[in-house]
Amino acid sequence: MNDNSRLYLGSTAFVAGILLTLGFKDLLYPALAQLLRESQSQDAESRRRREADALVARAGPPAIVDGIEGCIGNTPLFRIKSLSDETGCEILGKAEFLNGAGQSSKDRVALSMIQIAEEHGILNPHSGDTVYEGTSGSTGISLATLARAKGYLAHICMPSDQAIEKSDLLLKLGAIVDRVPPAPIVEKENFVNRARALAQAHTSASSSGSDQVRGRGFFADQFENESNWCAHYNGSGPEIYAQCDGKLDAFVAGAGTGGTISGVALYLKPKIPNLSVVLADPQGSGLYNRVRYGVMFDLKEREGTRRRRQVDTIVEGIGINRVTANFEVGKELVDDAVRVTDAQAMAMARWLVEKDGMFLGSSSAVNCFAAVKTAMKLGPGHRIVTVLSDSGSRHLSRFWAKAGDVGGATDTKLEDVLNVKNE
């Protein structure tokens with residue numbers, strides 16, 4: 001402890017001792033009582049700032065890290081200028097597309113699932129162990145990247161209606177890829193169920209002494225594996241708190257597995273009790289109604305009917321018609337929900353290119369649209385954080401093919417984005 005700290009603590013204790021001795025501090029010594037309250041407040045603020053400083057690792061040039069997994073996390077939080085200027089709120093984007101392995105928020109989840117499996121002896125590097133996962137793409141890309149970095153193979157199952165560049169990238173990363181027809185979760189050929197079955201078959205074949213199969217099959221299970229929300233509780237949440245210096249009014253995020261919104265909410269809510277946590281949900285997903293009305297259903301699907309496709313939207317990575325374990329753990333902390341149509345998501349994606357030079361994926365566009373709606377509901381002067389999950393470069397053949405080119409000199413109005421209708 002330095003001399004200044006000793007002097008500060010000594011003077012505070014001295015004042016407190018006087019007041020306790022005299023007893024009637026509020027009546028006889030209001031000035032001294034006020035001094036004590038201010039000293040205590042300053043001490044608490046000082047502690048809070050020290051805690052925040054300890055969480056921030058971007059004060060100077062990044063340190064040398066060990067492997068590509070060391071490039072995950074500690075992503076920038078930046079002001080989205082056009083949306084902030086238009087709404088009068090400070091709308092901040094957490095740049096998860098700058099994670100250094102698979103370039104998405106799923107890097108955190110993939111690393112967490114692998115590390116915890118290693119800690120429990122489920123995965124052993126260079127043993128022939130293979131990571132299996134059912135994913136719309138981004139988690140698979142992160143897993144395939146980290147699997148190679150850490151001595152595993154990857155086998156990814158994904159719906160065949162997802163952007164082709166995702167499966168192309170997975171193949172380049174050395175993963176085995178199964179593109180399967182979209183099917184509800186209750187059906188055996190659903191992409192998640194297929195990944196689980198393949199992992200079990202791998203382990204069984206290896207255990208039986210097959211010469212063709214080595215190692216074990218590990219089903220990552222991002223939807224139900226609670227390593228998912230823990231990655232955001234331990235990473236994204238503390239980073240946002242530190243970057244905002246503990247001052248924010250709303251957190252807005254979509255939910256596919258539910259890990260991001262639950263993990264961040266579980267970290268931030270106890271520290272910022274008045275924080276509003278808002279779900280950004282695409283059309284066709286049932287989570288909007290689950291949050292708003294307590295019942296899981298969509299306009300095209302009554303509760304309990306599961307024969308239709310998973311979600312009727314071109315948005316990839318968020319939106320679902322069941323409550324996963326990762327969403328369940330934080331669902332009571334979600335205060336509100338905003339439904340975003342495909343047309344609104346595409347219009348917002350084009351706006352962000354036109355006004356800010358930000359080329360983002362479909363789920364990021366949904367998040368930004370919901371952040372604007374939240375800002376308008378709260379009114380000017382508030383601070384809102386949302387998640388920029390991945391780049392638009394892995395959404396070219398589907399979402400951006402329909403969104404179209406931004407074009408040259410344009411002057412889109414935000415009200416046009418907010419009021420656009422589906423064709």
- Just wondering, more than 12 heavy atoms not from Asn422 lying within 6.0 Å of its CG?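 Atom CG in Asn422 is packed in, count exceeds 12.
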
Between [X] and [Y], is any side-chain donor less than 3.5 angstrom from a side-chain acceptor?
{"X": "Glu354", "Y": "Trp351", "answer": "no"}
{"X": "Ser397", "Y": "Glu165", "answer": "yes"}
{"X": "Asp129", "Y": "Ser127", "answer": "yes"}
{"X": "Glu96", "Y": "Thr75", "answer": "yes"}
{"X": "Thr257", "Y": "Gln222", "answer": "no"}
{"X": "Ser82", "Y": "Asp356", "answer": "yes"}
{"X": "Thr412", "Y": "Arg350", "answer": "no"}

- Aromatic Phe327 / basic Arg290 pairing, under 6.0 angstrom, 45° off normal: no

- Side chains of Ser389 and Phe97: closer than 4.5 Å at any heavy-atom pair?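 Not touching, per the 4.5 Å side-chain cut-off.
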
- May I have the step-by-step check of salt bridge (charged side-chain N to carboxylate O under 4.0 Å, His left out) for Lys150 and Glu118, ending in yes or no? CA-CA 10 Å; Lys150 295 175 72 65; Glu118 289 175 333; 3.6 Å; yes

- Correct closest heavy-atom pair for Phe218 and Ala117 would be CZ-CB, 3.8 Å

- Spacing of Asp221 atom CG and Thr139 atom OG1 [to the nearest 0.5 Å]: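 Rounded to the nearest 0.5 Å, the CG-OG1 separation comes out at 11.5 Å.
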
- Can you label the angle between the His155 ring and the Tyr132 ring as parallel, tilted or perpendicular, going by 30° and 60°? parallel

- From Lys81, Lys247, Arg383, residue fulfilling salt bridge (charged side-chain N to carboxylate O under 4.0 Å, His left out) relative to Glu90: Arg383

